[in-house]
Amino acid sequence: MKTTIEELLRQKETVKKDTVYVLAAEEINCSPVTAGDFFRIEDAGRWQGDFWIDELYEQKLREKEKDSAYQVLLAQLEKVKSQIVEIKEEDPKGYGHMIQIHELRSVKHSIEKAMENLRSFYQTEVESELEKEYQICNRRVLTYKNTVSIGCFQDVERQVAAFGKVKLAWIRKQPLLLRNISAIRKAVDEQAPIGLVGGPCLFGVYEVEILVNHFDGSCFCYDFSSGHHYERVGNTNISFADHVEKHLQEIESIHFRNWKNGVTSQEYESLEVLFAVGEALEAKVAIPIPDISYIKYLSTVMAPLDSAIREQAVEEFRILAHKIADFYLERIEELKCKYPNVEIRVLHDRNKEDCEEFHAKREVFFRKSSLVRRLTAKREKTDAVFDYISMLALPFYFWETPYVIQIDNLDETDSYRKCRKVHKNAFSLSAILYSEKISANGKDTIFNAPLVYKDYM
């Protein structure tokens, strides 16, 4: 689905001045967002901390609470609380001071009510000031999959000034999906170690074909990325995994055809943004090249086949995957020269030492069988799903960074949510997710576009 912030607000029957998007540039509000229909409009609430206007709101509110009227009530409240505590210390059950405690609690309730009314008055004043200064009447936001909220680079930059050093034009001109930005500000303020993670998929739709040959001479062709018939990508329910399961005894061999001949502009940008932000924040960068995950997926799907067929196919695909991974490794080396101060580690199938560390470090987080069942219901994708979830924790695994920022494609929203769930309390995970670029045909993303529209660099 291709949409825009403007279109989403129309669909939700929401006036722009009631949202944070009245503060965004028109270019951003009209820039295409490629995502499924999982959007909601919500009050700021738990999304506070992702937008600079909310921080300004809270700052103004804190200033007003310094008013003598509020401070007098606050002092009175603390005194009453202290009196209650003293009585409880002398008489834990309160049997000898029930009347006194009841009176103190009544006073406490009255003070709290007065403070609540005064705070409500301050909130109205702040909202009026913001409306006068910024023409914003409310701070409602669009959320995606109940996990991230739509914002833009300027929302991040206004909270974390160091992002101003990032000069990449493309990420400044489009909507971004944000979560836990306040944690990034906290990390920068405290000069705490920060790790970044993200990067491209191994390949997209139309780039690698699976050729399934039967003993009777027939050949069935599937697109590896979509799993569906190559000539009918996305238009059939019959997948490669279904075919293998249904025709086990009829399959003679499985081969692959690679059409990918380079890195697309979107894939290159997904690499460079990690270096650019890494330099700006003085953060360490982990880039997973998921050839290991693709190999695992293929091995699992073909597990029921004759071992000779399976081993030949896996080895053939491994060689192909390594060739494609080399496209990225070459670009990463170029970016190392452009951003020499960024410390980076790249996880890929041939880097056996890092792979062993990755699998060992993640094991403790994936031991519960109940958790495993909740992560994915598809047997053939289990290992690959574990990889995608745990790869977001690579900076924590490699360097034990207490703060990790995922800078990635919005298609990784589910991986972000699941990674936070699996690694709960182990580290702070923030998200800055961008939309896929539209290809030259004007309708498909580069990832999903036919080869002629892939925009290889």
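Keep in mind it's a predicted model, so treat the numbers as computed, not measured.
Asp223 places a side-chain N or O within donor-acceptor distance of the main-chain N or O of Tyr206, the cut-off being under 3.5 Å. In this structure, the side chain of Asp155 engages the main chain of Cys152 through a donor-acceptor pair within 3.5 Å. Looking only at distances, a side-chain donor or acceptor of Arg172 sits under 3.5 Å from a matching main-chain atom of Val166. Gln174 places a side-chain N or O within 3.5 Å of a backbone atom of Ser435 that can act as its donor or acceptor partner. Side-chain atoms of Lys12 come within 3.5 Å of backbone N or O of Phe39 as a donor-acceptor pair. Between the Asn180 side chain and the Leu429 main chain, a donor and an acceptor come within less than 3.5 Å of each other. Formation of a donor-acceptor pair under 3.5 Å by the His109 side chain with backbone atoms of Arg105 is not found in this model. Side-chain atoms of Thr401 never come within 3.5 Å of backbone atoms of Trp399 as a donor-acceptor pair (strictly under, hydrogens ignored). Side-chain atoms of Ser106 never come within 3.5 Å of backbone atoms of His102 as a donor-acceptor pair (strictly under, hydrogens ignored). Between the side chain of Asp50 and the main chain of Ile181, a donor-acceptor pair closer than 3.5 Å is present.
Ile324 has its side chain out of reach of Asp291: every pair of non-hydrogen atoms, C-beta onward, lies at least 4.5 Å apart. The side-chain heavy atoms of Ser149 and Phe51, taken from C-beta on, include a pair separated by under 4.5 Å. You'll find the side chain of Val141 stays beyond 4.5 Å of the side chain of Ile41, heavy atoms only. By the 4.5 Å heavy-atom criterion applied to side chains, Ile432 and Ile184 are counted as neighbours. Within the 4.5 Å cutoff, the side chain of Lys361 has no heavy atoms near those of the Phe398 side chain. In this structure, the side chains of Phe275 and Lys338 stay at 4.5 Å or more apart for every pair of heavy atoms.
Listed by chain and residue number, Lys16 satisfy the salt bridge (Lys or Arg N to Asp or Glu O under 4.0 Å) test with Glu26 (two or more places apart in sequence, or in another chain).
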For a quick test of your reading: what N or O donor-acceptor pairs under 3.5 Å do the side chains of residues 189-203 make, sequence neighbours left out?
| from | atom 1 | to | atom 2 | distance (Å) |
| --- | --- | --- | --- | --- |
| Glu190 | OE2 | Lys186 | NZ | 3.1 |

Less than 3.5 Å apart, which donor and acceptor atoms pair up between the side chains of residues 439-447 and the rest of the protein, not counting sequence neighbours?
| from | atom 1 | to | atom 2 | distance (Å) |
| --- | --- | --- | --- | --- |
| Ser439 | OG | Asn441 | N | 3.4 |
| Ser439 | OG | Asn441 | OD1 | 2.7 |
| Ser439 | OG | Asp444 | O | 3.0 |
| Asn441 | OD1 | Lys443 | N | 2.9 |
| Asn441 | OD1 | Asp444 | N | 3.0 |
| Asn441 | ND2 | Asp444 | OD2 | 2.8 |
| Thr445 | OG1 | Glu436 | OE1 | 3.3 |
| Thr445 | OG1 | Asn448 | N | 3.3 |
| Thr445 | OG1 | Asn448 | ND2 | 2.9 |

Result block: side-chain N/O donor-acceptor pairs under 3.5 angstrom for residues 277-290, not counting sequence neighbours:
none

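Every pair tested for side chain to side chain donor-acceptor pair (under 3.5 Å) that includes a residue from residues 70-81 fails, sequence neighbours excluded, so the list is empty. Within the structure, no pair that satisfies the salt bridge (charged side-chain N to carboxylate O under 4.0 Å, His left out) test touches residues 394-411, not counting sequence neighbours.
Atom-to-atom distance recorded for Lys260:NZ and Phe224:CZ is 14.0 Å, nearest 0.5 angstrom. A distance of 8.5 Å separates CG in Leu176 from CG in Leu433, rounded to the nearest 0.5 Å. With rounding to the nearest 0.5 Å, the separation of OH in Tyr21 from CD in Glu6 is 11.5 Å.
The residues Lys132 and Glu129 are annotated as not salt-bridged, no charged nitrogen and carboxylate oxygen being separated by less than 4.0 angstrom. Between Lys60 and Glu125, no side-chain nitrogen of the basic residue sits less than 4.0 Å from a carboxylate oxygen of the acidic one, so the salt-bridge criterion is not met.
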When you look at Glu7 and Thr4, which way does the side chain to side chain donor-acceptor pair (under 3.5 Å) test go after all the steps? CA-CA 5 Å; Glu7 176 59 28; Thr4 64; 5.6 Å; no
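No option in Arg362, Lys418, Glu363, His423 other than Arg362 meets the side chain to side chain donor-acceptor pair (under 3.5 Å) test with Ser390.
Cation-pi geometry between Arg179 and Tyr416 is not met at under 6.0 angstrom from the ring centre and within 45 degrees of the axis.
In this structure, Phe163 has its ring center no closer than 6.0 Å to that of Trp52.
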